Protein chains: 2
Amino acid sequence: MCHKLKEVGYKLTPQRLTILKIMSERTDHPNPDTIYSALKMQLPTTSPATVYKTLAILKKLNEVLEIQYSNERNRYDGINPLPHPHISCIKCHNFSDLNLMAYENLLEKMERQTGYKIHSMNLLIEGVCPDCQ
Amino acid sequence: MCHKLKEVGYKLTPQRLTILKIMSERTDHPNPDTIYSALKMQLPTTSPATVYKTLAILKKLNEVLEIQYSNERNRYDGINPLPHPHISCIKCHNFSDLNLMAYENLLEKMERQTGYKIHSMNLLIEGVCPDCQ
DNA sequence: CTGCATGCAAATAGTTTGCATGACG
DNA sequence: CGTCATGCAAACTATTTGCATGCAG
């Protein structure tokens, strides 16, 4: 991530480095506010604007995946920035990746079926997880 | 729709009837603002609040499907209120249903694979439609 | 030392809420 | 005629923007 930022000409500030670290470590798909809280722990004078600006950059560089989540705020995945399916529990709000073997095939199949040149396929499943049932 | 509303005890006001009409006729998955504009044509003194309140009711009664659409505002499908996949063109912003034959099978398969009791599966594909290529 | 990044505050946009008036049943 | 719905305005929330100051390169 650092390399990519530098390469494209962005400065490596402490704020950005910290956000990169957070995004590359967390597996829980944090939203901007969660990221801001984590960032503030280490840099108390930071602002939400910095988080939003940095996420925008990372998103543009495809270093982070933005995930729509019901009517809640967006979540971000900095570990696997390629579009992939997610599953979320409506009770405990657990939010995790979903390994769907047929996913890649599906994409090609869809292109053939629709004639579209597909840029992204977003699949979000919501339900009640085994523990909450 | 009317029947369902009455049944559950909601009053059939001109505003609601007009919104129901709009939602049952439009195939373009309008957002709240589009619905409000269409409503205002027939009832000029109406307000956005009424649209939001009515959509909330219809959504709760499963008479309308709410669709997440990238970072744009939600869209609503009053014709087929059951969750189903959508495909959208990032150039002309066409937004349409997608007939995906394997969809129902996929749901059962997912329940078996994940152990979740699935409430909804939202699939949104974005790309460039044949006309825009 | 030059320009981009930060952080604050203000602005914006979408949606929700409170409440007085009005209309459905 | 009682109750619920409406419509306005204000509140609210999340995000974006403008701008003066500060720091990376």
Side-chain angles (χ1 to χ4, degrees), chain A residues 1-23 29-61 63-64 66-76 93, chain B residues 1-23 29-61 63-64 66-76 93:
Chain A
M1 282 191 186
C2 295
H3 195 268
K4 183 71 170 278
L5 276 186
K6 229 176 186 171
E7 189 180 285
V8 193
Y10 290 107
K11 290 179 181 171
L12 288 182
T13 65
Q15 290 85 344
R16 285 182 181 162
L17 285 171
T18 309
I19 293 174
L20 292 189
K21 188 152 182 298
I22 293 167
M23 294 314 297
H29 308 79
N31 64 31
D33 194 56
T34 310
I35 298 167
Y36 171 58
S37 302
L39 175 62
K40 209 162 55 169
M41 296 256 208
Q42 310 193 38
L43 300 170
T45 67
T46 205
S47 82
T50 301
V51 173
Y52 284 107
K53 286 168 186 167
T54 305
L55 285 175
I57 293 169
L58 292 174
K59 184 181 151 193
K60 197 172 61 183
L61 299 180
E63 290 294 316
V64 127
E66 187 182 70
I67 308 151
Q68 308 293 317
Y69 180 33
S70 251
N71 281 330
E72 297 177 30
R73 31 207 328 199
N74 288 340
R75 286 169 173 258
Y76 294 85
H93 294 95
Chain B
M1 283 191 186
C2 296
H3 194 266
K4 182 72 169 279
L5 276 186
K6 227 175 183 171
E7 190 179 286
V8 192
Y10 290 107
K11 289 179 182 173
L12 288 183
T13 65
Q15 290 86 342
R16 285 183 181 162
L17 284 172
T18 309
I19 293 174
L20 293 189
K21 188 153 184 293
I22 293 166
M23 294 314 296
H29 308 78
N31 64 29
D33 194 55
T34 310
I35 298 168
Y36 172 57
S37 302
L39 176 61
K40 208 163 53 169
M41 296 256 210
Q42 309 193 38
L43 301 170
T45 67
T46 204
S47 83
T50 301
V51 172
Y52 284 107
K53 286 168 187 168
T54 305
L55 284 175
I57 293 169
L58 292 174
K59 184 180 151 193
K60 198 172 59 183
L61 299 180
E63 290 294 316
V64 129
E66 188 181 69
I67 309 151
Q68 308 293 318
Y69 180 33
S70 251
N71 281 330
E72 297 178 30
R73 36 212 318 204
N74 288 340
R75 286 170 173 257
Y76 295 85
H93 295 94

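All values reported here derive from a predicted model rather than from experimental measurement. Labels below follow one simple rule: chain letters A, B, ... track the order of the sequence lines, proteins then strands, and each chain is numbered from 1.
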S.K.: Quick one: is dT16(D) close enough that its OP1 or OP2 comes under 4.0 Å of any side-chain N or O from Tyr52(A)?
M.R.: no
S.K.: With a 4.0 Å cut-off on heavy atoms, is Pro48(A) in touch with a base, just the backbone sugar-phosphate, or nothing at all?
M.R.: nothing
S.K.: When you get a sec, tell me which of dG18(C), dT17(D), dC24(C) is the closest nucleotide to the side chain of Ala49(A)?
M.R.: dT17(D)
S.K.: Write down the distance between CD (Glu72(B)) and P (dT12(C)), rounded to a whole number of angstrom.
M.R.: 21 Å
S.K.: Return no unless some side-chain N or O of Thr50(B) is found under 4.0 Å from OP1 or OP2 of dT6(D).
M.R.: no
S.K.: What I'd like to find out is whether the side chain of Asn71(B) reaches to under 4.5 Å of the side chain of Gln68(A), using heavy atoms alone.
M.R.: yes
S.K.: Counting just side-chain N and O atoms, does Arg73(A) come under 4.0 Å of either OP1 or OP2 of dT13(D)?
M.R.: no
S.K.: May I ask you to evaluate whether Ser47(A) reaches the phosphate of dC8(C), defined as a side-chain N or O under 4.0 Å from OP1 or OP2?
M.R.: no
S.K.: Just the rounded figure in Å: distance from C1' of dG22(D) to CG of Leu12(A).
M.R.: 17 Å
S.K.: Using every non-hydrogen atom in the two residues, find where Asn31(B) and Asn74(B) come nearest and quote the distance to one decimal.
M.R.: CB-O, 3.1 Å
S.K.: Is Arg16(A) near enough to dA24(D) that one of its side-chain N or O atoms lies under 4.0 angstrom from OP1 or OP2?
M.R.: no
S.K.: Nearest whole Å is fine: how far is dA14(D) P from Asn74(A) CG?
M.R.: 12 Å
S.K.: What distance do Lys40(A) atom NZ and Asp33(A) atom CG have between them, rounded to the nearest 0.5 Å?
M.R.: 8.5 Å
S.K.: Is there a side-chain contact between Gln15(A) and the phosphate of dG7(C), meaning an N or O under 4.0 Å from OP1 or OP2?
M.R.: yes
S.K.: On DNA chain D, does the nearest nucleotide to Tyr10(B) precede the nearest nucleotide to Pro44(B) from the 5' side, or the other way round? Give the residue.
M.R.: Tyr10(B)
S.K.: Toward the 5' end of DNA chain D, which comes first, Gly9(B) or Tyr36(B), by nearest nucleotide?
M.R.: Gly9(B)
S.K.: Determine the minimum heavy-atom distance between Arg75(B) and His93(B), stating which atoms define it.
M.R.: NH2-O, 4.1 Å
S.K.: In whole angstroms, how far is the C1' atom of dT15(C) from the CD1 atom of Ile57(B)?
M.R.: 16 Å
S.K.: For the side chain of Lys11(B), starting at C-beta, report the closest nucleotide among dC8(C), dT15(C), dA23(C).
M.R.: dA23(C)
S.K.: For the pair made of CG in Asn31(A) and P in dA14(D), what is the distance, rounded to whole Å?
M.R.: 9 Å
S.K.: Once you round it to whole Å, what is the distance between P of dT16(C) and NZ of Lys60(B)?
M.R.: 13 Å
S.K.: Between Thr54(A) and Met23(A), is any pair of side-chain heavy atoms under 4.5 Å apart?
M.R.: no
S.K.: Please give me the minimum heavy-atom distance between Ile19(A) and Thr50(A), naming the atom from each residue.
M.R.: CD1-O, 4.2 Å
S.K.: Once hydrogens and angles are ignored, does a donor-acceptor distance under 3.5 Å link the base of dG25(D) to the side chain of Lys6(A)?
M.R.: no
S.K.: In whole angstrom, what separates Leu43(A)'s CG from dC23(D)'s P?
M.R.: 13 Å
S.K.: Hey, is the side chain of Thr13(B) poking within less than 4.0 Å of OP1 or OP2 on dA23(C), counting only N and O atoms?
M.R.: no
S.K.: Whole angstrom is fine here: how far is it from CD in Gln68(B) over to P in dT15(C)?
M.R.: 11 Å
S.K.: Where each residue is assigned the nucleotide of DNA chain C containing its nearest heavy atom, which of Thr54(A) and Pro32(B) is assigned the position nearer the 5′ end?
M.R.: Thr54(A)
